[in-house]
Amino acid sequence: MYRYFKAAVTGNSPVNRFFKLLSIYFPGEIITPEPGQFYMLQTGHTYDPLLKRPFSVFSHECSNAKDSNESSVTSNELKTKDKDLSLSSESSLQFLYRVRGKGTLGLAQMKAGDSIQVIGPMGNGYPAPEGDFIAVAGGIGIASLLPFLEKHRNRAYLFYGAQSREELVMLEKAGNAARETFITTDDGSEGRKGLITDVVKEFLNNSEKGSDKLSVISDKLKDKDSSLDSSLITHHSSLPLYACGPAPMLKALAEVVKGRGVKCYASLEEHMACGVGACLGCVVKTHSGQKRVCKEGPVFDIGEIAW
Amino acid sequence: MVNISVDIASLKLKNPVMTASGTFGYGEEYSEFVDLNRLGAIVVKGLSLLPKEGNPTPRIVETPAGMLNAIGLQNIGIKAFINEKLPFLRQFDTPVIANFFGDSIDEYVRAAVELCNASAASGGIHALEMNISCPNKQAGWIVFGTDPKTMEQVVTAVRKAANLPLIVKLSPNVTDIGFMAKVAENSGADAVSVINTITGMAVDIRRRRPVLANNTGGLSGPAIRPIAVRMVWEVCKAVKIPVIGMGGIMTANDALEFLIAGARAVAVGTASFTNPQATVEIAEGIERFMAEEGLSDINELIGSLKSI
């Protein structure tokens, strides 16, 4: 079974006092994940916590399965069923997480050598951008967006908000993958003090007006190319947006993009029991009925969500 | 060869492990993880005449060794099930049990008839499982499954109208489940499922609010297993019809407790969430246990509990 396997923990190290990075390894054939997809991870070895928890894939190194002429019958079957699916013969997966509750506390206690049951990759992931795009990350939402930024290097205008400087986890890595990075913190310890969605709004408004002043670029990161010619800036207001972060941020972003005629994709979070579409615990109300975050999502057209 | 096949009314199950309604979708959700041919039976998500939206979120919350759910019976409706889901399930050599419910006796009857008609026309549904944990709006929100009088009425009415084997899924939220099982049996049930989830509640202490949008939910998972085993044991003493045991079964050993207490078959629910292959692993484990114990027929095991 490609989507359910028992992997080995190879590392679980703190990034700082809030975040940890879990690394797991599986030597058999599994499905290569796409950015924005997630895995259900076992977080303990008893019945408490009982359920697996969903985590976005942060990074993966998958050595691709054998050449096409060597690939097994089953993998061919799988490919014809879903032509986007690719298989890996050996995979290392990494998950960036913040210790928040019982599940992540359990996960934080896992050590190299432990075994971990994994279901995934699940969900739809981010649709590929045609050109440049805007990425909006709130806090740990960067875990889901960073592999997307890295897959499409130097194409993203990244807007990254967090509560404080320390909570801007992986900022350097994200900044390196993005064309341009705009930062806010709630306490003003890095970037502008305030909400990231306000900065996105300002950016879109400015580019609509053709203004060449991007006043919101963080000092730290403005060495890239902060002054952009106005023709380019005008174009920014039509770029697609990709967002992952807490629900209030996504809700605010939905307001910001409303009526602008731009595509905006949001990766949602909900409590999940199964992760495979069976329990109906994680539904979200959309304008076309109830959708399962685990199956039809987690990435949705933000305008589709009935906030 | 070890025989682990069992009969529930006219149903022949290859092994005693079924899926619990509401935890296995319409089968296809788990078909990537489990060979559906290897299940004793597939019990699908509860169906109603019309599609149902269900409750707002949060719908689930984890509790110690268990979880509360208040999905609110969200389902695609019987018509969509028959047209869109049943063709897939027909490919498998596994009985399909359609769980259904209604808000009135009339709705229960119409739902049962629609399912029976679909099965008569093109097959694919082998038994019905009645969820009687819904409130009877006509009778002033009395839950069908907790009032013996309303339960008798609804089961009798459905029995008269339905020609498929009829399983009644009992609510544990009663004082004497053996008595309720007897009422179901006397009203014409061919078998009973024991137990549905136990009503529970979790409170968000910071926000001073219930965690679930529905305030209360149904508790499932290993936390409820001893209660379920006790109730299965009581029901087995009270009725002659087959009993399907369920409630927190995570492993083969858990399932064996139910079988020894008298259940003819078991259903696995919450365990599928944590291990999508739990059903098949449990069936294999039962077979292994029998080999270890030198048993050749599962019927030697069923109800083998010794009284002290």
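Labels below follow one simple rule: chain letters A, B, ... track the order of the sequence lines, proteins then strands, and each chain is numbered from 1. Owing to the predicted nature of the structure, the values given are computational and were not obtained by experimental measurement.
Contact check for A:V284 versus B:T57: no side-chain heavy atoms found under the 4.5 Å cut-off.
Neither the backbone nor the side chain of A:Q42 comes within contact range of chain B; no heavy atoms are under 4.5 Å apart. Contacts of B:T270 with chain A are made by side-chain atoms alone, with heavy-atom separations under 4.5 Å and no backbone atom involved. Interface residue A:M272: only backbone heavy atoms are found under 4.5 Å from chain B. Within the 4.5 angstrom heavy-atom criterion, only side-chain atoms of A:Q117, from C-beta onward, approach chain B. In this structure, chain A has heavy atoms under 4.5 Å from both the backbone and the side chain of B:T274. Residue contact with chain A, scored on non-hydrogen atoms closer than 4.5 Å, is absent for B:Y26.
Closest heavy-atom contact between A:Q290 and B:E53: NE2-O, 2.7 Å. Taking each heavy atom of B:F24 and A:A278 in turn, the nearest pair found is C-CB, 4.1 Å. Nearest heavy-atom pair across A:Y4 and B:N275 is OH-OD1, 3.1 Å.
The backbone N or O of A:V276 lies less than 3.5 Å from no partner atom in the side chain of B:E29, so there is not a single donor-acceptor pair. A distance-only check finds a donor-acceptor pair linking the side chain of B:R59 to the backbone of A:L280 [under 3.5 Å].
By the neighbour-count criterion of 12 heavy atoms within 6.0 Å, atom CZ of B:R209 is sparsely surrounded, having that number or fewer from other residues, nucleotides or ligands. In this structure, A:E269 places its CD atom where only 12 or fewer heavy-atom neighbours from other residues, nucleotides or ligands lie under 6.0 Å away.
Heavy-atom neighbours of chain B within the stretch residues 45-56 of chain A, taken at a separation under 4.5 angstrom, comprise A:Y47, A:D48, A:P49, A:L50, A:L51, A:K52, A:R53.
Each of B:P64, B:P51, B:P276 has some count of heavy-atom pairs under 4.5 Å with chain A, and the biggest count is that of B:P276. Highest contact tally toward chain B, considering only A:G103, A:C274, A:G277, is held by A:C274 [criterion: heavy-atom pairs under 4.5 Å]. Per-residue counts of heavy-atom pairs under 4.5 Å with chain A were compared for B:G269, B:A65, B:G25, B:G54; the largest is that of B:A65.
To the nearest 0.5 Å, atom CD of residue B:E32 and atom OH of residue A:Y2 are 10.0 Å apart. Atom CG of residue B:N69 and atom SG of residue A:C279 lie 8.0 Å apart, to the nearest 0.5 angstrom.
Pairs of residues two or more places apart, or lying in two chains, that qualify as ring-ring contact (aromatic ring centres under 6.0 Å, His included) and include a residue from residues 17-38 of chain A are A:F5-A:F26.
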